[in-house]
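The shown structure was predicted, so the numbers you read here are calculated from the model rather than taken from an experiment.
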Amino acid sequence: MTAVKPLSWGYRLAWVAVLGAGLCTQKSSAAEILDNDALVAMLEAKFSLLVIEEKITKDSFPQLNSEHKELIRIAGAAEKGGMKKEDIDKLLKLVMTEANKSKGKLRELVSRFINGCVNYSEPEYESIMRDIMRAGKAVVPYLMERIEDENERKRAGVLDALGRLGDKSESVRNTVKLMLSDRHPAVRAKAAEALGKLAVESTCDELLEALKGKRGELADGVLLALGYLKSPKAELPVAEILKTYLDEESRVAAAFALGEMRAKDPRAIDALLRGVLDESPEELRYTAAKALGLIGHGPAFTYVKRAYERYLKGRAKLLSTLSHFKYYECIEFLIEQTQADDQT
């Protein structure tokens, strides 16, 4: 199999955004979910079999569970609601039939979605993503089956869907965490974004612990995830990586994370200022400068200006970060340089 050519950070993050429009959180448009709890409530409220049949058959993806213990619970609720025995038997058969049908529908939906991750335009991708959202958390097991697909766009699409669905169960969170070490950088980026949406109270500590074991290894996935969590306790460990790691991927991710956190610790700010003047490829200078702009550290402007004057490569991108600073001196310099570039 041909190795995937490494992508620049700017292109990579743009690719992730186009792939999944992951910064947007979609909500299900379904008015209600017909699952076993809803069915039990209807039965205890003495809804007739006719009404329940109509509701079940009209729902595109009824989330019914036909396990033995659930059928006993449904039968008990029906009996409590005064339903006749023959009607209870009909109801249980209907639940089993529709539960099996739903499994087939959900598998087919996920199959179309997986295909769309590669072949659909962005509007088409968002359209089928809305179908995934309407299906709700019942679709999660079928998405999990496809999370190790050979194609990186498909893996990233599954992660996008899991993040939007918001199933914070331990099994889903652990699987998404494992994808932070995926072989493809864009998949690691999407896993980080998804974990940011699925995080629970312990997630930050778990990631910081994982970061300790990443010394000398690619850590960008974990760092990006910490950025999305925005926890102040992560500022210093992330800043230390920005200052001491050698690989560019991790250092750029650390700078991005500090910007997302809106880091305030002076040691984190110092690490970013060093990043702005770093001789490494321009992606680190750009990301560190943008992070300082997001944080609102006004004195960083002089560092950005020095980097702009010192390095020819990546100048335009570095200049664009000044729009984040919101200071008159920065905007004035940005306008001057833009006009100078237009005249050359």
Ion pair check, Lys243 and Asp270, cut-off under 4.0 Å: no
Between CG on residue Leu91 and CG on residue Leu39, distance to nearest 0.5 Å: 5.5 Å
So how far is it from Leu94 CG to Ile56 CD1, rounded to the nearest 0.5 Å? 4.5 Å
If you compare all heavy atoms of Leu223 against all heavy atoms of Ala254, which two are closest, and at what distance to 0.1 Å? CD1-N, 4.1 Å
Is Lys197 salt-bridged to Glu193, cutoff N-O under 4.0 Å? yes
Crowded around Glu279 CD? As in, over 12 foreign heavy atoms under 6.0 Å? no
Hey, are Lys317 and Glu282 close enough for a salt bridge, meaning a charged N less than 4.0 Å from a carboxylate O? no
Does Glu170 have more than 12 heavy atoms from other residues, nucleotides or ligands lying within 6.0 Å of its CD? no
Hey, what do you get for CG (Leu106) to CD (Gln63), rounding to the nearest 0.5 Å? 7.5 Å
Does the Thr175 side chain pair with the main chain of Ser171, one donor and one acceptor, at a distance under 3.5 Å? yes
I'd like to know if the side chain of Ser102 reaches the main chain of Glu98, judged simply by a donor and an acceptor atom lying under 3.5 Å from each other, with no hydrogens or angles considered. yes
Do Ile147 and Leu162 have side chains that approach each other closer than 4.5 Å (heavy atoms only, starting at C-beta)? yes
How long is the span from the CG atom in Leu109 to the CD1 atom in Ile132, to the nearest 0.5 Å? 4.0 Å
Can you say whether the rings of Tyr228 and Phe256 are parallel (under 30°), tilted (30 to 60°) or perpendicular (over 60°)? perpendicular
Check: Arg188 side chain, Ser181 main-chain N or O, donor-acceptor pair, under 3.5 Å: no
Under 4.0 Å between a side-chain nitrogen and a carboxylate oxygen: does that hold for Arg306 and Glu309? no
Side chains of Leu211 and Leu226: closer than 4.5 Å at any heavy-atom pair? yes
I'd like to know whether NZ of Lys90 has more than 12 heavy-atom contacts from other residues, nucleotides or ligands below 6.0 angstrom. no
SB check Arg155 Glu148 (cutoff 4.0 Å): no
Keeping Lys230 on the side-chain end and Glu260 on the backbone end, is there a donor-acceptor pair under 3.5 Å? yes
Around atom CD of Glu44, are there more than 12 heavy atoms from other residues, nucleotides or ligands closer than 6.0 Å? yes
Do Arg251 and Asp278 touch side chain to side chain, with heavy atoms closer than 4.5 Å? yes
Salt bridge between Arg267 and Glu235, side-chain N to carboxylate O under 4.0 Å? no
Got a second to check how far Asn36's CG is from Glu70's CD, nearest 0.5 Å? 4.5 Å
Thr57 side chain to Glu54 backbone, donor-acceptor under 3.5 Å: yes
Compare all side-chain heavy atoms of Leu272 with those of His297 and state whether any distance is below 4.5 angstrom. no
Just by distance, do the side chain of Tyr142 and the backbone of Gly104 share a donor-acceptor pair under 3.5 Å? no
Heavy-atom count around Lys93 NZ within 6.0 Å, excluding the residue itself: above 12? no
Working to the nearest 0.5 angstrom, can you tell me the gap between Arg173 CZ and Asp167 CG? 9.5 Å
Short N-O contact, Arg146 and Asp149, less than 4.0 angstrom: yes
Show the nearest heavy-atom pair for residues Ala255 and Thr287, with the distance to one decimal. CB-CG2, 3.8 Å
Find out whether Ile74 and Leu64 are in side-chain contact, i.e. whether some heavy atom of one side chain is under 4.5 Å from a heavy atom of the other. no
So, Asp160 and Arg153, do they make that salt bridge, N to O below 4.0 Å? no
